[in-house]
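The sequence lines fix the lettering, A, B, ..., with proteins before strands; numbering per chain opens at 1. Since we're looking at a predicted model, the values are computed, not measured. Note that these values count all heavy atoms, side chains included, but never hydrogens, waters or copies made by symmetry.
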Amino acid sequence: MAEYVLDFEKDIVVLEAQIAKMKEKEGADDNEAIAREIAGMEKRLDKIRAEVYANLSGWQKVQVSRHPDRPYTLDYIEHIFTDFIELHGDRLGFDDKAIVGGWAKLDGQPVMLIGHQKGKNTKTRQYRNFGMANPEGYRKALRLMKMAEKFDRPVITMIDTPGAYPGLEAEERGQGEAIARNLREMAVLKVPIVCVVIGEGASGGALGIGVGDRVLMMENTWYSVISPESCSSILWRNWDNKEIAAEALNLTADKMLANGLIDGIIKEPLGGAHADHEKTYKLVKAELKRHIKELKDIEPDQLVMLRIDKFSHMGHFQEG
Amino acid sequence: MKWFKRVKEGILTSTQEKKEIPDGLWWQCPSCKEKVTSKELQANLGVCPKCGHHDRIGSQEYFELLFDDGQFQELNANMSSADPLHFIDTKAYPDRLVAAQKSTKLRDAVRTAQGKIGGHGAVVACMDFDFIGGSMGSVVGEKISRGIDCAIKNRLGMIIISKSGGARMMEAAFSLMQMAKTSAKLALLAEAKLPYISVLTDPTTGGVTASYAMLGDVNLAEPNALIGFAGPRVIKETIKKDLPAGFQRSEFLLEHGLVDVIVERAALKPTISNLLCMMKVTKKKKREAKEETAQA
């Protein structure tokens with residue numbers, strides 16, 4: 001049985017365990033009746049998955065986005081790209097482990113990859129600071145983006161952070177300044193930028209590597225100005241209204257697209273990215289290739305103009 | 001020896017400090033407890049005459065302080081917030097807006113105006129903290145963006161006076177994207193070789209710090225203003241340690257290389273005017289910038 005079970009996935013996990021048991025039995029007995037039963041159970045499993053995943057609430061999607069079995073940036077790099085060379089450091093005294101980056105090839109095409117990185121166990125989670133970057137992470141990211149610009153290669157960023165790190169040293173070293181500078185410089189970077197929210201997209205910490213020609217969200221991720229828990233604690237002064245906050249914030253991929261704040265959604269396999277990694281990589285790779293192909297022939301000045309124009313039109317207000 | 005000994009600690013306010021003052025007539029300095037009349041305080045630009053504590057003032061006061069003869073033309077004055085997400089927390093967002101508009105007599109948390117500062121043409125955007133904590137929603141982002149457009153079009157200096165708790169949660173991701181929008185516009189201003197002076201006042205935190213407030217060619221700060229990305233309470237909860245005295249105050253940011261100059265409010269206008277003069281585009285640069293625009 002899976003180690004980490006979301007409450008709404010209990011039926012799925014129980015059935016999965018039953019199927020696994022049956023398969024063991026089948027291996028021992030080689031019985032046709034058992035094989036038929038397994039096939040029936042697998043069909044039922046797909047049906048339950050489809051039902052559960054068709055009706056996920058905002059808060060449930062937030063939970064899926066944080067599932068520890070989801071692929072992280074380095075997993076995507078390993079399975080989608082080749083020849084990855086990780087590049088380290090901001091050249092100002094630090095190397096942030098919560099943001100990774102470097103050159104890699106996408107079907108032979110060199111690209112600059114940058115992404116938040118979370119850990120997979122207690123030790124690596126701490127090492128990666130839970131995907132919460134310090135200013136040096138944003139500064140490293142900018143250094144790599146400028147390098148991509150110099151050599152005329154597209155930039156791909158993968159966003160997965162619970163927020164920029166709210167620490168004492170982060171403030172001393174200018175967390176706000178580091179993010180702000182990235183927003184300004186990414187707006188005018190003269191190469192294509194494709195950003196994908198692969199998990200959590202929390203606020204300035206996400207946007208700090210998120211100003212792109214294409215901003216995509218995977219189906220079961222969230223992106224907003226604040227996490228539902230923090231929103232609940234500020235507006236309701238308790239942590240109990242996170243479900244309501246998740247709905248109110250309109251933070252899911254479908255709502256973000258409907259509000260014109262992102263450019264597309266990358267489908268996830270049935271049951272979420274954590275249920276089928278191989279299929280997830282395939283889906284992400286196809287979308288990355290499609291968008292880069294669309295962008296690569298646009299003149300750099302035109303690209304920048306279109307990018308600025310896109311962000312300039314975001315906002316709802318009334319006049320008069 | 002005392003006859004009555006206080007068992008519990010905590011009530012330390014002296015009787016003199018406790019005296020209540022009727023609103024509107026007197027003002028008591030939260031820093032040195034000095035009492036002055038509201039008129040005196042106003043005449044001193046909202047600065048305590050005794051200890052120099054800079055109290056919060058609004059856009060109207062800053063405009064009158066900065067623009068020559070207090071003359072300015074307000075830009076996009078009739079813009080107000082919509083409620084794109086139909087956001088309801090303990091109160092519906094439109095009700096919050098109406099209440100804020102009523103109590104502040106403002107349309108939203110920023111005002112923008114064009115005028116002259118020491119003879120130099122400039123656009124000033126000034127945030128109002130009284131309007132929902134100076135939070136940045138679509139209106140703040142749009143007015144600042146249009147202000148920058150106006151500065152580029154008319155070749156003027158840009159000044160933004162920040163005073164904000166951060167993003168406006170009731171506009172969720174719309175609010176977040178104002179950070180990208182205003183920063184992108186500032187990139188265009190920089191390409192046009194026009195000066196941008198950011199003035200950080202108490203408090204400047206969150207999404208405002210992580211966008212336009214930190215992007216000045218020159219970052220000025222009023223004394224002892226709280227300036228940071230994360231709020232002190234959040235940091236304290238995260239690191240589970242007490243924060244050092246003066247943490248995230250203007251002087252701390254100066255020490256860490258994040259602001260250029262700390263400027264007393266009375267010196268704000270001459271300082272900005274001086275900077276605008278220094279950073280005025282020379283004829284050669286103007287020609288280059290024009291050629292670039294023509295090419296684009």
**Message:** Between Y165(A) and T238(B), is there a side-chain heavy-atom distance shorter than 4.5 Å?
**Reply:** yes
**Prompt:** What are the two closest heavy atoms between S203(A) and L176(B), and how far apart are they?
**Reply:** C-CD1, 3.5 Å
**Complete:** Highest number of heavy-atom pairs under 4.5 Å with chain A among A230(B), G206(B), S183(B) belongs to S183(B)
**Item:** Inter-residue atom distance E247(A).CD - F87(B).CZ, 0.5 Å rounding
**Value:** 11.5 Å
**Request:** Sort by residue number and list every member of residues 241-254 of chain B having a non-hydrogen atom under 4.5 Å from chain A.
**Result:** L243(B), P244(B), F247(B), Q248(B), F252(B)
**Message:** Please classify the contact between E237(B) and chain A as side chain, backbone, both or neither, with a heavy-atom cut-off of under 4.5 Å.
**Reply:** neither
**Prompt:** Between CG of N250(A) and NE2 of H86(B), what distance do you get to the nearest 0.5 Å?
**Reply:** 9.0 Å
**Message:** Report which part of L168(A) has an atom under 4.5 Å of a heavy atom belonging to chain B: side chain, backbone, both, or neither.
**Reply:** both
**Message:** Need one label for I239(B): side chain, backbone, both or neither, based on atoms under 4.5 Å from any heavy atom in chain A.
**Reply:** side chain
**Asked** So what's closer than 4.5 Å to chain A heavy atoms on R146(B): side chain, backbone, both or neither?
**Response** side chain
**Complete:** So, the part of K91(B) with a heavy atom under 4.5 Å from chain A: the answer is neither
**From OG (S138(B)) to CD (Q318(A)), nearest 0.5 Å** = 11.0 Å
**Asked** Looking at CD of E177(A) and CG of N219(B), how far apart are the two atoms once the value is rounded to the nearest 0.5 Å?
**Response** 8.0 Å
**Fill in**
Interatomic distance, OG@S224(A) vs CD@E171(B), rounded to 0.5 Å, equals 11.5 Å
**Message:** With a 4.5 angstrom heavy-atom cut-off, is it the side chain or the backbone of N76(B) that approaches chain A, or both, or neither?
**Reply:** side chain
**Prompt:** Between G231(B), G141(B), S81(B), which residue shows the highest count of heavy-atom pairs closer than 4.5 Å to chain A?
**Reply:** S81(B)
**Heavy-atom proximity to chain B below 4.5 Å, by part of L207(A)** = side chain
**side-chain contact (heavy atoms from CB on, under 4.5 Å) between F174(B) and V225(A), intermediate numbers included** = CA-CA 8 Å; F174(B) 281 105; V225(A) 75; over 6 Å; no
**Request:** Side chain from CB out, backbone as N, CA, C, O: work out which of these in S145(B) comes under 4.5 Å of a heavy atom of chain A, or both, or neither.
**Result:** neither
**Asked** With a 4.5 angstrom heavy-atom cut-off, which part of M186(A) approaches chain B: side chain, backbone, both or neither?
**Response** neither
**Item:** K181(B) side-chain N/O to H313(A) backbone N/O, donor-acceptor pair under 3.5 Å
**Value:** no
**Message:** Quick check: do N259(A) and P84(B) have side-chain heavy atoms less than 4.5 Å from each other?
**Reply:** no
**Request:** Quick one: closest heavy-atom pair of R184(A) and A187(B), and the distance?
**Result:** CG-CB, 3.6 Å
**Prompt:** Taking the side chain from E142(B) and the backbone from H316(A), do they hold a donor-acceptor pair closer than 3.5 Å?
**Reply:** no
**Message:** Which atoms of L251(A) are under 4.5 Å from chain B, going by heavy atoms: the side chain, the backbone, both sets, or neither?
**Reply:** neither
**Prompt:** Checking I235(B) against chain A: side chain, backbone, both or neither under 4.5 Å from a heavy atom?
**Reply:** both
